[in-house]
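Scroll down for the structure; my scribbles are underneath it.
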Amino acid sequence: MIKFLRRIINNFKEYFLVVFLSIISISLFSTNEKPAIKKIRTFAFGNYAFFNKILNYPLSYLKNDYSLKELEEENAKLMLEINKLRKQGLENENLRSMLNFKDTSKFQLLSADVVSKLVNKTQGNFIINRGSYDGVLIGMPVINDKGLIGIVVDTSKNFSVVKTLYNNNLNIAVTIERLNVDGVLSWNGNELIIKNIPSTYEVKVGDRVITSDFSTILPPQIPVGIISKREPVPIGLLHNLSVKPFVDINSVDNLFVIKIVPSKQINNLEMNLLKK
Amino acid sequence: MLWNFIKPILLFIPLASVQLVVMPLLSIDAITPNLIVILICFFTLKYGQIYGTLLGFVLGFLYDSISGGLLGAFMFSFTISGFIAGYFFNENKIEINTATNEFLIIVFISATINSFLYNLLSSSYNELNIFYFILEGGILPGLYTAFFALPVILFNTRKELR
């Protein structure tokens with residue numbers, strides 16, 4: 001019997017090995033949020049990002065100009081201000097004072113450069129050259145002068161990982177500005193979509209999408225994109241809306257972290273969407 | 001034997017930086033060539049299937065850790081890629097496999113499977129159809145990666161001529 005088993009193991013050792021290693025990989029995959037695994041990851045990307053920074057330096061030197069960076073920061077601040085004003089123009093003054101909107105113009109912006117990018121169809125993320133030493137915290141939103149890019153999901157001392165909109169584990173609460181309709185925006189591997197919006201709302205192609213007042217992760221009124229397509233759901237009176245982001249996310253090099261401290265009373269459900 | 005593992009890991013360090021910093025600049029609609037798969041295929045064709053499977057596992061772990069992505073996703077897909085590339089290992093045909101067009105085909109097959117498995121595993125969105133995953137998530141990145149394997153052939157052919 002032992003001889004027989006030994007012969008089988010010898011004959012199929014490649015298969016046993018690949019199955020064994022695959023099981024380990026998939027087990028690790030399902031334990032990504034465990035503190036020990038997070039620690040390993042933070043240590044690894046925090047140290048290795050230094051190499052990426054060195055390689056990135058000549059590339060960014062060719063692309064960037066310091067004065068351009070200052071202008072981009074100014075643009076980003078103005079973008080936030082404009083969106084606040086646009087929103088206010090669309091709403092009744094009394095209603096606005098009753099709702100007591102949060103003020104986005106006072107947020108401090110921290111400029112950062114993208115050190116490395118993981119570009120693929122499902123798991124878009126960046127590593128940026130700002131970390132906990134610069135005051136970056138998990139959950140802080142990341143923008144540029146055109147609009148929202150993503151959220152900080154991990155920080156080491158000098159670097160942070162940003163989960164971009166092109167990551168299908170990131171779901172954010174958004175509003176269609178003209179109609180004040182709320183929905184959840186997610187990346188399906190091909191496009192950004194807002195699912196299950198009732199057909200009774202007359203959503204038009206070209207309508208602006210901004211972050212929602214209901215979001216406890218992101219400040220309201222950050223521009224996200226415009227509606228590019230409206231598709232009926234086969235069953236029921238609902239629509240799926242495709243959104244074209246304002247930011248060309250894959251070509252972003254400079255960005256800003258909005259230094260807001262995420263509320264301690266963050267809705268558990270919304271945080272669960274981040275933890276995936 | 002240990003040196004056989006250290007060599008690709010030493011090569012992995014600069015290659016992973018190029019993959020994370022330079023390759024995104026060459027991406028077409030989020031499709032990027034995967035240089036790590038080329039590295040795994042090359043060494044698997046030199047040293048065999050078990051070696052390739054283990055190398056895929058180790059490099060996958062390292063790449064997942066440094067890229068800030070989900071730990072385990074590339075580990076799994078690189079392990080399978082190494083295993084698949086190992087099927088083409090032949091002790092008597094090492095030069096042919098690594099210095100001719102056959103290398104491109106092997107890289108294409110491995111990279112396609114790698115990209116397909118990675119997208120399938122890391123995607124929490126279950127409404128996309130399997131053909132989308134095969135074409136945009138598998139074949140196109142596979143072709144792009146195979147194109148980037150051309151310099152390996154040219155370099156190896158020149159070495160053979162000397």
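Since we're looking at a predicted model, the values are computed, not measured. Both backbone and side-chain heavy atoms feed into the values below; hydrogens, waters and symmetry mates do not. Order of the sequence lines fixes the chain letters, A, B, ..., with proteins taken first and strands second; residue numbering starts at 1 for each chain.
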Whether over 12 other heavy atoms sit under 6.0 Å from B:Y87 OH: yes
I need the A:L17 CG to B:L54 CG distance, nearest 0.5 Å. 5.0 Å
Option in B:G137, B:A73, B:S115, B:S27 with maximal non-hydrogen atom pairs under 4.5 Å from chain A: B:A73
Rounded to the nearest 0.5 Å, how far does CG of B:L25 lie from NZ of A:K117? 6.5 Å
Does a sphere of radius 6.0 Å around CZ in A:F16 hold more than 12 heavy atoms from other residues, nucleotides or ligands, not counting ones at 6.0 Å or beyond? yes
I'd like to check B:L20 versus A:L118 (side-chain heavy atoms, cut-off strictly below 4.5 Å). Are they in contact? yes
How would you list, in number order, the residues of residues 75-85 of chain B that have a heavy atom less than 4.5 Å from chain A? B:M75, B:F76, B:T79, B:I80, B:F83
If you measure from CZ on B:F89 to CD on A:E14, what distance do you get to the nearest 0.5 Å? 11.0 Å
Can you tell me which of A:L28, A:N125, A:V18, A:V114 forms the most heavy-atom pairs within a distance under 4.5 Å of chain B? A:V18
Find out whether B:D64 and A:F29 are in side-chain contact, i.e. whether some heavy atom of one side chain is under 4.5 Å from a heavy atom of the other. no
Heavy-atom contact with chain A under 4.5 Å, split by part of B:Y51: neither
On a heavy-atom basis, the closest approach of A:N250 and B:A30 is ND2-CB, 3.9 Å
Can you tell which of A:I26, A:I40, A:L21 has the highest number of heavy-atom pairs within less than 4.5 Å of chain B? A:L21
Against chain A, work out which of B:A16, B:G60, B:P141 has the most heavy-atom pairs shorter than 4.5 Å and name it. B:A16
Contact class of A:V115 relative to chain B, heavy atoms under 4.5 angstrom: backbone
Rounding to 0.5 Å, atoms CG (B:L121) and OG1 (A:T122) come to a distance of 9.0 Å
Check B:I66 against A:A44 and note the closest heavy-atom contact, atom names and distance. CG2-O, 4.1 Å
Shortest non-hydrogen contact between B:G68 and A:V161, atoms and distance: O-CG1, 3.8 Å
More than 12 non-hydrogen atoms from neighbouring residues, nucleotides or ligands closer than 6.0 Å to NZ on B:K7, yes or no? yes
At a heavy-atom separation under 4.5 Å, does B:N34 approach chain A through its side chain, its backbone, both, or neither? neither
Contacting moiety of B:I13, where chain A heavy atoms sit under 4.5 Å: both
Rounding to 0.5 Å, atoms CG (B:D29) and CG (A:N190) come to a distance of 7.5 Å
